[in-house]
Every structure is written in C-alpha cells, then in structure tokens.
Amino acid sequence: MALIRKSNTICSRALKILQPSSSAFSPSGAGNAQSQSVDKQTCNWIPAKRLHSFKRPNLHVIRNQLARFEGGSVELEMNNDTGIAILTLNNPRRMNSMTGKMMVDMADKVSELEEWHEGKALIMRGADGNLCTGGDLTFVRKALHYGEEMAAYQHDTLTRLLNLPLISVALVQGHTLGGGAELSTACDFRVMSSSAKIGFVQIKMGLSTAWGAATRLTRLLGRRKAIDLLCSAKILLPDAALREGLVDYVLPKICTDELAETTNWLLRNLCAYDTNITRVVKSLVVSAELSMDHYQALDAERKLFGQTWGGPVQRKMLDANVKHK
Ligand SMILES: CCC(=O)SCCNC(=O)CCNC(=O)[C@H](O)C(C)(C)COP(=O)(O)OP(=O)(O)OC[C@H]1O[C@@H](n2cnc3c(N)ncnc32)[C@H](O)[C@@H]1OP(=O)(O)O
C-alpha cells in the first residue's frame with residue numbers, strides 16, 4: 001500500500017512539475033539560444049554556458065558534499081597531434097560505477113576540455129573493459145538523502161560535455177548499465193563492443209533517470225523508443241542496440257584494440273576535416289538544439305528523480321542486491 005501511495009504522489013506531483021514554470025534551474029533566456037555560438041571574426045567557439053544564463057543550484061556547495069564520497073577517479077589524456085582526447089572512468093573493481101569523487105573529477109575534466117582549443121574529438125570509456133554500471137552502490141547507499149543535488153551536479157557536467165565543440169563518442173564496453181547507459185547518451189555517438197550490453201535499468205531499482213537520459217534519449221530516439229527503453233529496462237546486445245539507433249557502430253568481433261579501432265572510426269568518418277571548422281559545425285548543431293528548451297526538461301527530470309531516490313522501491317531493490325543479468 002505504501003508503495004502505491006508513494007507512486008500516486010509522484011505521479012500527481014509529476015503533472016505539476018511538467019507544467020511550464022519559472023524554476024530555479026531554467027535559463028532566463030532560453031529564446032536566445034540560437035543567437036551566436038560562433039564568433040564570426042575568429043571562428044572561436046563560445047561555451048554554451050555563456051549563451052544561457054543558467055540559474056542553477058549552488059554547484060560549489062554540492063561539489064564539496066560529493067567530494068566526500070571517495071573512491072575511483074576520472075582521467076583525461078589530450079593529444080594535440082591527433083586532436084583526440086580520452087576520458088577514462090576509473091573504478092574497475094566496481095565496474096567503473098561512479099562515486100561522488102568521480103563526479104567531481106569528471107566535472108573538472110570537462111572544464112579542462114572546455115579550455116582545450118586544439119581538439120576535435122573526445123572518446124569516453126571505462127577502465128578494464130566496462131564503461132560504467134551507474135552509481136557506485138556504496139555511494140548510493142550513503143547518499144540516499146542527496147539525490148536531487150547529485151542529479152543537478154551531473155546534469156551540469158553532462159550538459160557541458162554534450163555541448164563541447166568536440167565530436168564525442170562513448171565506447172560502450174562490457175556492462176553499461178543504469179547511470180552508465182545515461183553517460184553514453186551525453187556523447188554525440190556510441191560505438192559498441194561486440195560483447196557489450198547496454199540497458200537503462202533504473203526503473204528496476206525503483207528510480208527514474210538520474211543523470212539526464214530521459215531528456216537526451218527522447219531527443220536522440222524519439223518518444224516511443226525512449227519510453228520503451230526506459231520503462232522495459234531491457235538490456236540490449238549490439239545488434240538490437242544498432243537496430244534501435246542507440247549505437248552507431250559495432251566493433252568487429254575480432255578486435256585486439258577496441259580503443260584504437262574507435263579512434264580510427266572517428267578519424268575516418270567524423271574527423272577527416274579541418275579542426276576549427278569541425279568545432280564550429282559541432283557548435284552550430286549544439287546551438288540549434290539548445291533552442292528546444294533543454295533546461296526545462298532537465299529541471300522536470302531532476303525533480304522527479306529526487307522523488308524516487310531514497311524511496312521505498314529503491315530501498316527494497318538495494319536490500320535485494322538485484323543483478324541485471
Ligand atoms: C544512478 C542510478 C543507477 O545507476 S541505478 C543502477 C545501479 N547499478 C546497478 O544496480 C548494477 C548492479 N550490478 C550488477 O547488476 C552486476 O554487478 C553486473 C553489472 C550485472 C555484473 O555482474 P557480474 O558479472 O556477476 O559481476 P559482479 O556482480 O560480481 O560484479 C563485479 C564487482 O563489481 C561490483 N559492482 C558492479 N556494479 C557495481 C555498482 N554499480 N556499484 C558498486 N559495485 C558494483 C560488484 O559488487 C562486484 O564487486 P565484489 O566482487 O562483490 O566486491
């Protein structure tokens with residue numbers, strides 16, 4: 001009964017939240033999105049955060065809280081010769097699931113990428129053969145009171161990542177589940193290993209999407225497929241993921257170096273031309289997309305997520321130590 005009551009409350013609150021409102025997380029000038037994202041004189045990219053005065057929760061305070069949840073790291077290598085950067089989630093003992101400290105690390109690395117002017121592409125991957133299995137459950141258990149704040153922090157980082165003037169690719173390897181699947185949607189493209197599995201399993205854990213994937217997935221695949229993937233919690237193998245349009249390329253079965261193969265795919269298909277023009281074109285696409293009220297959608301997503309996080313269904317699932325085989 002308690003579960004049903006909680007679900008009903010969430011649904012009726014959802015209806016209110018989804019009404020347009022003047023929220024603390026909305027941009028004050030969403031209609032200005034299509035205004036210049038590229039400086040005509042120099043062709044320099046202008047960060048999306050300067051296009052929107054993004055009134056947001058105090059991310060500095062949230063950062064200090066998240067940093068206390070230790071474990072793992074996020075590493076960045078930037079290669080000025082190839083113009084390709086590699087962002088690595090590094091918590092392999094826990095399949096690169098994210099701690100609070102990793103969220104802070106990732107935000108810092110995205111800030112470094114915003115200042116990197118020689119780059120044209122970014123590959124996001126996980127250490128040792130899995131991209132990421134979502135929130136680190138040790139962290140999740142300790143942070144059940146802190147869902148909305150964590151979501152706000154991740155929304156900011158992943159929106160900045162998605163809007164970088166770099167062509168971004170997630171290398172989907174091993175288990176890419178829950179928040180891990182969400183991370184992959186913060187990249188422009190997804191390349192999948194032939195042995196990988198990807199699934200938005202949050203609903204099985206009593207949660208809605210934590211890190212902005214409902215908003216991004218709907219834009220990526222449309223309403224019908226987004227509802228299907230998010231509400232069924234199905235775990236897709238490469239052929240199905242390709243068919244659904246969730247991934248763009250499946251790596252060959254025999255592939256000794258999947259990172260090198262992903263880099264070649266990028267260089268061959270998307271990064272063959274001038275760095276500066278590539279950055280400008282990516283910025284224009286970002287600018288066009290931002291005119292579609294992205295921030296309001298994230299606002300609603302964050303509020304609804306905050307109501308599932310720490311709720312009875314999630315607690316029950318955590319206690320049951322669910323495995324998504
Ligand atoms: C932000 C909201 C969300 O992300 S909700 C989704 C949260 N993620 C999950 O619920 C994933 C739970 N884990 C699983 O389903 C399984 O571990 C999967 C990924 C299927 C792998 O199964 P299997 O191949 O049998 O390996 P295993 O379970 O022995 O795991 C190896 C070690 O990795 C760990 N691990 C894995 N995922 C996480 C995670 N999210 N948080 C913390 N630890 C994780 C496992 O606990 C296991 O560690 P250990 O060997 O027991 O010390």
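Everything numeric in this text was worked out from a predicted model, so none of it was measured. Start at 1 and go down the list; that is how both ligands and their atoms are numbered. For the single chain, residues carry numbers from 1 onward in sequence order.
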query = Are Lys282 and Asp188 close enough, and set up right, to give a side chain to side chain contact (heavy atoms under 4.5 Å, CB included), and what steps lead you there?
reply = CA-CA 10 Å; Lys282 166 73 195 279; Asp188 300 317; 3.0 Å; yes

request  = Take Arg160 and Asp156 through the test salt bridge (Lys or Arg N to Asp or Glu O under 4.0 Å) and record every step on the way to the result.
outcome  = CA-CA 6 Å; Arg160 291 193 293 121; Asp156 177 76; 3.2 Å; yes

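- Comparing heavy-atom distances from atom 32 (C) of ligand 1 across Met98, Arg94, Met150, Arg93 singles out Arg93 as nearest.
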message = Is there a side chain to side chain contact (heavy atoms under 4.5 Å, CB included) between Asn269 and Phe189? Walk through the geometry before answering.
response = CA-CA 12 Å; Asn269 292 290; Phe189 296 90; over 6 Å; no

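- No side-chain donor-acceptor contact under 3.5 Å links Glu118 to the backbone of Gly83.
- Protein heavy atoms come within 4.0 Å of atom 7 (C) of ligand 1.
- Counting only heavy atoms from C-beta outward, the side chains of Asn90 and Asp105 never approach each other to under 4.5 Å.
- Under 4.0 Å from ligand 1, not a single heavy atom of Thr138 appears.
- Between the side chain of Lys120 and the main chain of Cys271, a donor-acceptor pair closer than 3.5 Å is present.
- Proximity to Gly179 (heavy-atom distance under 4.0 Å) selects the following atoms of ligand 1: 3 (C), 4 (O).
- At a distance under 4.0 Å, a protein heavy atom can be found next to atom 29 (O) of ligand 1.
- Cluster membership for Met78 and Leu89, using ILVMFWY side-chain heavy atoms within less than 4.5 angstrom, is shared.
- When distances from atom 15 (O) of ligand 1 to the protein are checked, a heavy atom turns up under 4.0 Å.
- Here the shortest heavy-atom distance to atom 19 (C) of ligand 1, taken over Leu207, Thr99, Thr133, Val140, belongs to Thr133.
- In the vicinity of Gly134, heavy-atom distances shorter than 4.0 Å reach the ligand 1 atoms 4 (O).
- Taking distance alone, with nitrogen or oxygen atoms compared against 3.5 Å, Gln202 stays at or beyond that limit from ligand 1.
- Summarising the geometry of Lys109 relative to Val74, their closest heavy-atom pair is CE-O, 3.1 Å, with the distance given to 0.1 Å.
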task = Show your working on side-chain hydrogen bond (donor to acceptor under 3.5 Å, both in side chains) between Asp136 and Thr138 and close with a plain yes or no.
result = CA-CA 5 Å; Asp136 179 322; Thr138 312; 3.2 Å; yes

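- Panel note: side chain Asp248, backbone Arg190; a donor-acceptor pair is recorded below 3.5 Å.
- Defined by atom type and a distance below 3.5 Å, a donor-acceptor pair is missing between the side-chain atoms of Thr218 and Arg223.
- For ligand 1, the atoms lying closer than 4.0 Å to a non-hydrogen atom of Leu177 are 19 (C).
- The aromatic rings of Phe69 and Phe139 sit perpendicular, their planes meeting at an angle over 60°, well past the 30° parallel limit.
- Inside a 4.0 Å radius of atom 23 (P) of ligand 1 there is at least one protein heavy atom.
- For His175, every heavy-atom contact with ligand 1 shorter than 4.0 Å involves the side chain, none the backbone.
- Protein heavy atom in closest approach to atom 25 (O) of ligand 1: Lys325 NZ, 2.7 Å.
- Using 4.0 Å as the threshold, Met317 has no heavy atom nearer than that to any atom of ligand 1.
- Of the candidates Met205, Lys204, Glu182, Lys323, it is Met205 that places a heavy atom closest to atom 5 (S) of ligand 1.
- In terms of protein heavy-atom proximity, atom 17 (O) of ligand 1 is nearest to Met95 SD, 4.5 Å.
- Distance check for atom 41 (N) of ligand 1: a protein heavy atom is found below 4.0 Å.
- Of the residues listed (Leu171, Leu161, Thr88, Val172), the one engaging Met124 in a side chain to side chain contact (heavy atoms under 4.5 Å, CB included) is Leu161, and it is the only one.
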inquiry  = Let's go through Glu258 and Gln173 carefully: what are the C-alpha distance in whole Å and the side-chain angles of both, what is the deciding distance for side-chain hydrogen bond (donor to acceptor under 3.5 Å, both in side chains) to 0.1 Å, and is it a yes or a no?
reply    = CA-CA 9 Å; Glu258 295 193 329; Gln173 289 177 305; 2.7 Å; yes

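- Val322 O, 4.5 Å is the protein heavy atom nearest to atom 13 (N) of ligand 1.
- Each of the following atoms of ligand 1 lies closer than 4.0 Å to a heavy atom of Ala210: 1 (C).
- Between Val201 and ligand 1, a contact under 3.5 Å exists for no N or O pair.
- Within a 4.0 Å radius of atom 50 (O) of ligand 1, the protein contributes no non-hydrogen atoms.
- Protein heavy atoms are found inside the 4.0 Å sphere centred on atom 1 (C) of ligand 1.
- Of the N or O atoms in His324, one or more lie within a sub-3.5 Å distance of an N or O in ligand 1.
- What you find for Glu244 and Lys225 is that their closest heavy atoms are O-NZ, 3.2 Å.
- Heavy atoms of Asp136 approach ligand 1 to within less than 4.0 angstrom.
- Close approach to Ser97 involves these atoms of ligand 1, each under 4.0 Å from a residue heavy atom: 38 (C), 39 (C), 40 (N), 41 (N), 42 (C).
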